[in-house]
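Down below is the structure, laid out as structure tokens.
Lettering follows sequence order; numbering is per chain, from 1. Just so you know, these numbers come straight off a predicted model, no measurement behind them.
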Amino acid sequence: MGELAKAYDPTPISEKHYASWLKTGVFHADESSKKPSFSIVIPPPNVTGILTLGHVLNNSIQDILCRRARMKGFEVLWLPGTDHAGLATQTKVERAIAEEDLTKEQLGREAFLERTWEWKEKHGGIIIDQLKKLGCSCDWERERFTMDNDYYDAVIEGFVTLYDRGHIYRGHRMVNWCPATQTAISDEEVIATPQKSKLYTMKYEVVEEPGTFLEIATTRPETIMGDTAIAVHPKDERYQKLIGKHCRRPFPEAKLPIVADEHIDIEFGTGVLKVTPAHDKADFEIGQRHSLPSIDVLHPDGTINCPEVPELDGLDRFKARDKAAKLLDEQGLLIKTEKYQNNVGFSERGQVPIEPRLSDQWFFKYPKTEETLGAVLDQHVQFHPERWTKVYQHWLDNIQDWCISRQIWWGHRIPVWYKDDEVKCQKTCPGDGWEQDPDALDTWFSSWLWAYETMDEATRKKFYPTSVLVTGPDIIFLWVARMIFAGLEFEPSGTSDLSKNIPFRDVYFTGLIRDNRGRKLSKSLGNSPNPLDLIGSYGADGLRFGLMRVAPQGLDIRYDEKQIEEGRNFCNKLWNASRFRTMQGPVDSKADPYAHTLSPFAHLILKQLDGMIEKVDHYYDTYQFNQVASTLYGFVWGNFCSRFLEAAKADFTDETSETRAGTLATFDFVLSHVLRVLHPFTPFITEELWLELGYGGETIQFAHWPERLDTQWSDELAQRAHDIFEVLDQSRSLRGEFQIAINQKIRFCLKSNSKLEEGEKSILQNLMNAEPLEFINEPLTKTPMLISSLGDLFLPLEGVVDIDKEVARIEKALVKIAGDIERERKKLSNTKMIENAPAEKVAEWKTLLKEAEDRQAKLKEQLEHLK
RNA sequence: GCGUGCAUAGCUCAGCGGUAGAGCUACCGGUUUACACCCGGUCGGUCGGAGGUUCGAACCCUUCUGCACGCACCA
């Protein structure tokens with residue numbers, strides 16, 4: 001064991017260990033293992049994506065859970081992989097070929113798919129490499145891709161099965177159409193976005209009553225050509241007599257019936273609605289109820305399709321809106337234009353407003369919705385935080401059929417074949433003359449099988465259902481709920497036992513990461529840090545620890561680079577504590593503190609270690625990772641380094657110390673626990689230190705997870721150490737107050753009634769840097785003093801002390817104590833309180849009062865001495 | 001409109017019925033041979049407002065305000 005470098009240098013150490021982990025195959029899960037199993041499937045990132053801070057958070061948590069499980073003796077499978085991300089990837093490739101002035105239509109389906117595969121091969125590995133840099137302990141031998149041959153087949157087979165069971169149908173329905181990417185999308189992919197738009201009020205003449213006009217409010221005058229009726233509420237007295245008559249549509253000119261429909265809101269606008277069945281979901285339904293024709297006036301790309309009105313034909317829909325308003329105005333039909341804010345559905349991928357559009361699409365009608373809800377309500381699948389079940393329930397209660405067909409090429413092609421009027425749904429082409437449906441499936445229609453189609457039979461037998469899913473709440477419908485559906489519907493366990501078919505037992509929802517001003521991280525705002533840069537600057541361990549420490553359970557995270565810096569600093573602290581240890585000679589990996597005589601400080605740290613382990617386990621069990629990190633931070637920095645290590649220095653410099661061996665053993669024992677408990681959060685540095693210090697084995701990864709300690713420490717001695725530290729703190733306060741540098745030796749006097757051992761006295765004196773530390777029986781006069789549980793500590797400074805200042809300080813302290821005393825007295829003089837409060841509480845208050853009064857008396861006495 | 005979450009020190013968060021806490025920041029002082037990616041100290045809060053329950057409320061209930069988010073509507 002050589003001496004460690006002066007600072008932790010994460011990059012080379014991380015690279016070294018990760019390479020070694022891959023070589024020794026420690027991440028590989030053995031499906032024939034006898035150990036109990038623990039498994040996680042990664043939420044597959046987009047194959048061409050790059051790592052974001054969100055991924056870092058998400059995958060750090062998964063890695064933490066997996067690494068801890070390995071140490072706890074589980075056979076762990078963390079199954080990694082990527083998602084083909086149909087639309088996202090196709091869009092990227094289309095953009096790339098556009099550089100060569102090519103469109104996918106020019107290339108043709110086959111050639112375009114070839115290009116996409118090439119693109120995938122070229123860019124597909126990036127995010128995987130990045131996950132490795134983060135330290136993720138995935139079983140890379142089992143890496144999967146949603147377009148792998150067998151996975152592809154499974155998706156297609158799933159479609160055929162559901163079709164055969166009658167859950168999938170083709171329908172001519174109103175769907176969310178994205179004009180930018182020119183495909184249908186599902187309701188879940190539509191993002192309602194507040195828009196500043198305009199509300200136009202126009203007037204149409206009633207055909208049967210010339211000179212009478214109906215005022216109609218609309219935000220979309222560009223769809224006037226598609227209007228096939230005017231609707232009012234049947235109970236609206238203003239318009240009742242007009243029902244059944246007609247209005248004149250200005251362009252192209254036509255007679256539109258005035259119909260009555262309950263859907264109309266009497267209060268809104270003028271209470272009159274223009275009905276455009278082809279371009280609005282509600283209007284479509286009104287059209288159905290009144291047998292109105294649908295006139296589609298838009299091309300798929302969002303331009304106007306209406307040769308009868310040449311002024312508008314071919315225009316983009318938003319340009320046409322202005323133009324249509326202008327046309328109305330020219331005809332004297334536009335009454336007013338108001339500013340108006342409404343929510344417009346945007347296509348997540350295309351970043352443009354979606355267009356409700358009638359088209360032929362494939363739909364999935366969810367079966368087993370009751371069971372899917374029950375699985376969560378009955379806690380077969382448990383959500384953390386639990387409140388997300390309510391969101392899940394609300395979605396299921398209002399569930400709509402899922403539009404699963406996409407007008408794209410990159411994806412799983414719908415296994416439906418057409419010949420003349422015949423339709424067949426099957427995996428392979430039925431024969432000559434049959435043509436396959438051109439559409440591909442929604443990406444989520446493949447990822448919903450991810451929890452088990454990624455596993456072969458033996459793996460599935462061992463590791464399915466998975467233990468926990470870690471993901472963001474933003475995909476609770478898109479992915480989480482649908483995975484539960486898939487599990488229940490396809491029954492991957494081969495039995496109908498619900499508890500064996502659910503995809504996971506726990507779901508941990510992470511928060512979203514925001515910047516320090518509370519905004520979402522986004523490329524366009526430029527507030528999205530590159531995790532690789534952070535790893536470069538602070539190390540993967542620092543990034544992981546820093547982020548985990550500030551990520552509260554189920555709440556959004558305010559990210560600040562400062563926090564990552566703190567993570568890095570923490571790692572360095574641990575490094576240096578270990579470095580300090582290496583300077584004292586070799587580490588005993590089997591150190592048993594209780595085989596030696598222990599100082600009070602050893603007793604204290606052992607007691608604190610036990611408390612730390614208890615807290616950490618509790619916080620793990622309740623998925624409070626930030627609390628785990630905070631607990632570790634506080635223990636390592638506060639208890640271990642600032643207290644125990646500092647006190648240990650006295651033992652280490654004194655060759656004759658009787659407790660030296662015990663302190664060394666305690667050091668080794670505690671550090672071994674710290675490294676193990678910390679390993680899931682900071683895998684690289686703990687591995688390095690574990691090996692470098694010689695704690696044994698080839699890796700820390702299978703070292704036993706620490707259990708609670710035998711309570712062999714002495715509470716009395718631990719308390720003694722605690723008291724000694726209190727005196728130390730008081731001495732530092734006195735130094736601070738009188739500006740006496742810590743490195744300046746100075747005389748302190750302690751009027752103590754406790755009997756300290758000689759060794760303890762000298763350690764205290766050392767820690768205080770006192771020269772000498774005198775034990776006295778009578779209080780000193782005209783001397784600053786602070787009270788501690790070990791006695792009264794005086795700082796004799798003849799002639800130096802500013803008496804007035806000291807008097808002011810004591811008076812301030814007296815005010816505070818007076819407050820404390822008053823509060824306790826008030827409680828104790830309240831008979832109702834005494835009667836109702838538990839006896840031990842009352843006793844506690846009495847003690848508090850007594851202590852406060854003692855302190856008060858002492859301070860008053862001291863005040864007298866000063867004057 | 002329905003629903004959810006949040007509001008505690010300048011910042012990030014603990015505490016969730018019985019003396020208001022931590023880390024960071026700020027300020028002051030320190031290179032004491034593990035660490036300046038450091039050490040020590042100090043300052044800093046009527047726990048968003050108002051009611052209520054209770055012997056006792058940051059904590060439970062009601063309500064209001066503000067900020068996020070989800071769903072629905074959106075002519």
Side-chain angles (χ1 to χ4, degrees), chain A residues 3-4 6-8 192 195 199-201 216-220 231 263-265 268-276 280 282-283 340-345 385 387-388 390-391 394-395 398 473-474 476-477 512 514 516 518 520 538 542 549-552 554-560 562-563 565-584 624 626-627 630 633-634 637-638 641-642 645-646 649 729 732-737 739-745 766 769 820 823-824 827 830-838 840-842 844-845 848-849 851-852:
Chain A
E3 194 169 295
L4 297 173
K6 206 168 172 193
Y8 174 48
Q195 289 294 294
L199 184 65
Y200 304 90
T201 306
I216 306 165
T218 181
T219 54
R220 303 203 60 187
H263 172 262
I264 309 306
D265 179 357
F268 189 94
T270 57
V272 185
L273 172 72
K274 74 182 197 60
V275 184
T276 324
D280 184 281
D283 289 13
Y340 183 67
Q341 176 153 348
N342 60 346
N343 284 331
V344 176
R387 64 187 156 86
W388 291 109
K390 215 165 178 173
V391 176
H394 184 258
W395 182 72
N398 298 284
D474 48 333
I476 188 169
F477 313 135
L512 295 174
R514 300 171 175 280
N516 54 14
K520 279 187 191 174
Y538 305 108
R549 195 159 75 98
V550 296
L555 296 179
D556 289 354
I557 292 120
R558 292 283 186 113
Y559 166 81
D560 194 305
K562 197 96 199 151
Q563 297 153 344
E565 197 182 322
E566 280 174 33
R568 185 267 318 257
N569 295 353
F570 175 72
C571 290
N572 193 54
K573 188 74 183 173
L574 177 72
W575 180 265
N576 272 287
S578 307
R579 177 165 178 263
F580 173 74
R581 177 60 188 83
T582 63
M583 292 170 167
Q584 317 305 325
Q624 299 185 71
N626 62 327
Q627 294 288 72
S630 292
Y633 186 97
W637 206 304
C641 291
S642 295
L645 188 151
E646 290 301 327
K649 283 179 180 173
D729 287 343
R732 285 171 173 169
S733 286
L734 285 168
R735 276 179 186 272
E737 193 184 342
Q739 310 250 359
I740 301 161
I742 214 114
N743 58 345
Q744 189 185 336
K745 287 200 187 301
N766 265 322
N769 200 29
D820 291 347
R823 189 184 55 239
E824 297 309 321
K827 276 194 222 161
N830 184 337
T831 49
K832 271 191 179 172
M833 202 151 199
I834 305 262
E835 281 163 22
N836 287 297
E840 66 265 29
K841 272 295 155 203
V842 177
E844 206 178 300
W845 295 333
L848 279 173
L849 179 60
E851 281 170 8

| message | In this structure, how many angstroms lie between the P atom of B/G23 and the CD1 atom of A/I557, rounded? | response | 22 Å
| query | Sub-3.5 Å donor-acceptor pair from the side chain of A/Q563 to the main-chain atoms of A/D560, do we have one? | reply | yes
| query | For A/K841 and A/R568, take the nucleotide of RNA chain B holding the closest heavy atom to each; which residue's nucleotide lies nearer the 5' end? | reply | A/K841
| task | Write down the distance between CG (A/L645) and P (B/U33), rounded to a whole number of angstrom. | result | 14 Å
| request: For nucleotides B/G23 and B/G5, find the distance between their P atoms and express it as a whole number of Å. | output: 31 Å
| Does B/U12 have OP1 or OP2 sitting under 4.0 Å from an N or O in the side chain of A/R558? | yes
| said: On a heavy-atom basis, which atom in A/G542 and which in A/C571 lie closest, and how many Å separate them? | reply: N-SG, 3.9 Å
| message | Between B/G3 and B/A75, how far apart are the two P atoms, rounded to whole Å? | response | 24 Å
| said: Can you measure A/D560 atom CG to B/U12 atom P for me and round it to whole angstrom units? | reply: 9 Å
| What interatomic distance, in whole Å, is found between P of B/A58 and the corresponding atom of B/U19? | 11 Å
| Can any side-chain N or O of A/N572 pair as donor or acceptor with the backbone N or O of A/A7 at less than 3.5 Å? | no
| request: Determine the interatomic distance between C1' on B/A9 and the same-named atom on B/C13; round to the nearest Å. | output: 12 Å
| query | Taking protein heavy atoms under 4.0 Å as touching, what does nucleotides 68-75 of chain B look like 5' to 3' if B marks base contact, S marks sugar-phosphate-only contact and - marks none? | reply | SS-SBBBB
| task | For B/C71 and B/U8, measure between their P atoms and round to the nearest Å. | result | 27 Å
| task | Ignoring hydrogens and angles, tell me if any N or O in the side chain of A/N398 forms a donor-acceptor pair with the backbone of A/H394 under 3.5 Å. | result | yes
| field | Full working for side-chain contact (heavy atoms from CB on, under 4.5 Å) between A/K827 and A/I834 | value | CA-CA 8 Å; A/K827 276 194 222 161; A/I834 305 262; over 6 Å; no
| field | Nearest heavy atoms of A/L4 and A/R579, plus distance in Å | value | O-NE, 3.1 Å
| What dot-bracket string describes RNA chain B from 5' to 3', counting Watson-Crick and G-U wobble pairs whose defining distances are under 3.5 Å, with [ ] for crossing pairs and | for pairs to another strand? | ((((((((.[[[[.)..(..]]]].(((((.......))))).....[[[[[..)....]]]]])))))))....
| Per A/A7 side chain, nearest of listed nucleotides B/C37, B/C55, B/U19 | B/C37
| message | Between A/N626 (side chain only) and A/V550 (backbone N and O only), is there a donor and an acceptor less than 3.5 Å apart? | response | no
| query | With sugar-phosphate meaning primed atoms plus P, OP1 and OP2, does A/C641 contact a base, only sugar-phosphate, or nothing at under 4.0 Å between heavy atoms? | reply | base
| field | Note: A/K832-A/E835 ion pair, threshold 4.0 Å (strictly below) | value | no
| message | Does a side-chain N or O of A/K573 approach OP1 or OP2 of B/C39 to a distance below 4.0 Å, or not? | response | yes
| Do A/Y200 and A/R220 pass the side-chain contact (heavy atoms from CB on, under 4.5 Å) test, and can you show the C-alpha distance, the side-chain angles, and the key distance before you say yes or no? | CA-CA 8 Å; A/Y200 304 90; A/R220 303 203 60 187; over 6 Å; no
| message | Base of B/A34, side chain of A/Q584 - is there a donor-acceptor contact under 3.5 Å? | response | no
| For the side chain of A/N626, counting heavy atoms from C-beta on, which of B/A14, B/U12, B/G41 is nearest? | B/A14
| field | Test item: A/D556 side-chain N/O and A/L512 main-chain N/O as donor-acceptor pair under 3.5 Å | value | yes
| field | Euclidean distance for P, B/G10 against B/C47 (whole angstrom) | value | 13 Å
| message | Using whole Å, what does the distance between atom P of nucleotide B/C35 and atom CG of A/L574 come to? | response | 15 Å
| message | Using whole Å, what does the distance between atom C1' of nucleotide B/A57 and atom CE of A/M833 come to? | response | 11 Å
| query | Taking the C1' atom of each, how far is B/C6 from B/U12, in whole Å? | reply | 14 Å
| query | Taking C-beta and beyond as the side chain, do A/R514 and A/Y559 meet within less than 4.5 Å on heavy atoms? | reply | no
| Phosphate contact (B/C38 OP1 or OP2) by A/N569 side-chain N/O below 4.0 Å | yes
| query | To the nearest angstrom, how far is A/Q744 atom CD from B/C39 atom P? | reply | 22 Å
| remark: Residues A/K274 and A/D283: closest non-hydrogen pair is O-OD2, 3.3 Å
| remark: Given protein heavy atoms under 4.0 Å, the one-letter contact record of nucleotides 24-29 of chain B, with B base, S sugar-phosphate only and - none, is simply S---SS
| query | What nucleotide among B/G3, B/C37, B/U42 has an atom nearest to a side-chain atom of A/S733? | reply | B/U42
| task | Report yes or no: does A/T219 contribute a side-chain atom to a donor-acceptor pair with the main-chain N or O of A/L199 at less than 3.5 Å? | result | no
| query | Touch check for A/E851, heavy atoms < 4.0 angstrom, all strands: base, sugar-phosphate only, or nothing? | reply | nothing
| note | Whole-Å distance, A/I476 CD1 to B/U4 C1', equals 11 Å
| said: Roughly how many Å apart are B/A68 and B/G52, using the P atom of each and rounding to a whole number? | reply: 32 Å
| Side chains of A/V391 and A/F477: does their closest heavy-atom pair fall under 4.5 Å? | yes
| said: Between C1' on B/A34 and CG on A/N576, what's the gap in Å once rounded to a whole number? | reply: 5 Å
